[in-house]
Structures are given as structure tokens and as C-alpha cells.
Chemist: 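Okay, handing you the structure first.
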Amino acid sequence: MRIAGIFLLLAGFALTVAALHLMPDLTRRAIFIVCGVGVECIGLGLLVRAHMEMRA
């Protein structure tokens, strides 16, 4: 689960950076950035859960 969380963090970051560089329209850019941040939050949640399971 830790590896999946790391990959999701990287994918969310890549989505955010790609949206900033590739999207000309402000509305579509904002939607992609929000989706990228959402993916990063899911990845962070997976990482936190994986580390909490290791402690228990």
C-alpha cells in the first residue's frame, strides 16, 4: 500500500504540473488542478494508513 500511495502522490503532482503547462483555458486548468490535488490527497491517505498499520 505504501508503493501505491507514493505512485498516487507522483501522479497527482504530474497532473497538476501538466495542467499548468498544457491547458490554455482557466476553467479546464482549475478542474485538472483540483483533480490532481485530490489524487495527491488519496495518495497521502494511503501512506498514512500504511504507516499506521505498521505501528499497530
Side-chain angles (χ1 to χ4, degrees):
M1 222 159 62
R2 252 183 282 153
I3 294 173
I6 291 170
F7 283 141
L8 283 172
L9 280 172
L10 291 173
F13 179 73
L15 267 174
T16 304
V17 171
L20 288 174
H21 289 289
L22 297 176
M23 299 289 173
D25 185 25
L26 185 62
T27 305
R28 282 189 274 170
R29 185 185 304 170
I31 291 170
F32 266 85
I33 289 173
V34 168
C35 290
V37 170
V39 170
E40 287 182 19
C41 288
I42 292 170
L44 186 63
L46 277 176
L47 278 176
V48 168
R49 283 188 63 182
H51 286 286
M52 295 295 277
E53 289 175 0
M54 286 178 48
R55 288 186 177 182

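Just the heavy atoms: all of them, side chains too, but no hydrogens, waters or symmetry mates, feed the values below.
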Chemist: Please round to the nearest 0.5 Å and tell me the distance separating atom NE2 of H21 and atom OG1 of T16.
Modeler: 11.0 Å
Chemist: With a cutoff of under 4.5 Å between side-chain heavy atoms, which Ile, Leu, Val, Met, Phe, Trp and Tyr residues group with L26?
Modeler: none
Chemist: When Ile, Leu, Val, Met, Phe, Trp and Tyr are grouped by side-chain heavy atoms lying under 4.5 Å apart, directly or through other members, which residues fall in the same group as V39?
Modeler: M1, L8, L15, M23, F32, I42, L46
Chemist: Clusters formed by hydrophobic residues whose side-chain heavy atoms approach within less than 4.5 Å: which one holds F13, and what are its other members?
Modeler: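 Other cluster members: V17.
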Chemist: Mind checking what makes salt bridge (Lys or Arg N to Asp or Glu O under 4.0 Å) contact with R28, not counting sequence neighbours?
Modeler: D25
Chemist: Taking side-chain contact (heavy atoms from CB on, under 4.5 Å) as the definition, give me every residue that meets it alongside L20, ordered by chain and number, with sequence neighbours left out.
Modeler: R29, I33
Chemist: Just to verify, what does V34 make a side-chain contact (heavy atoms from CB on, under 4.5 Å) with, not counting sequence neighbours?
Modeler: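 None.
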Chemist: Where is the tightest heavy-atom contact between L9 and E40, given as atom of each residue plus distance?
Modeler: CD2-O, 3.3 Å
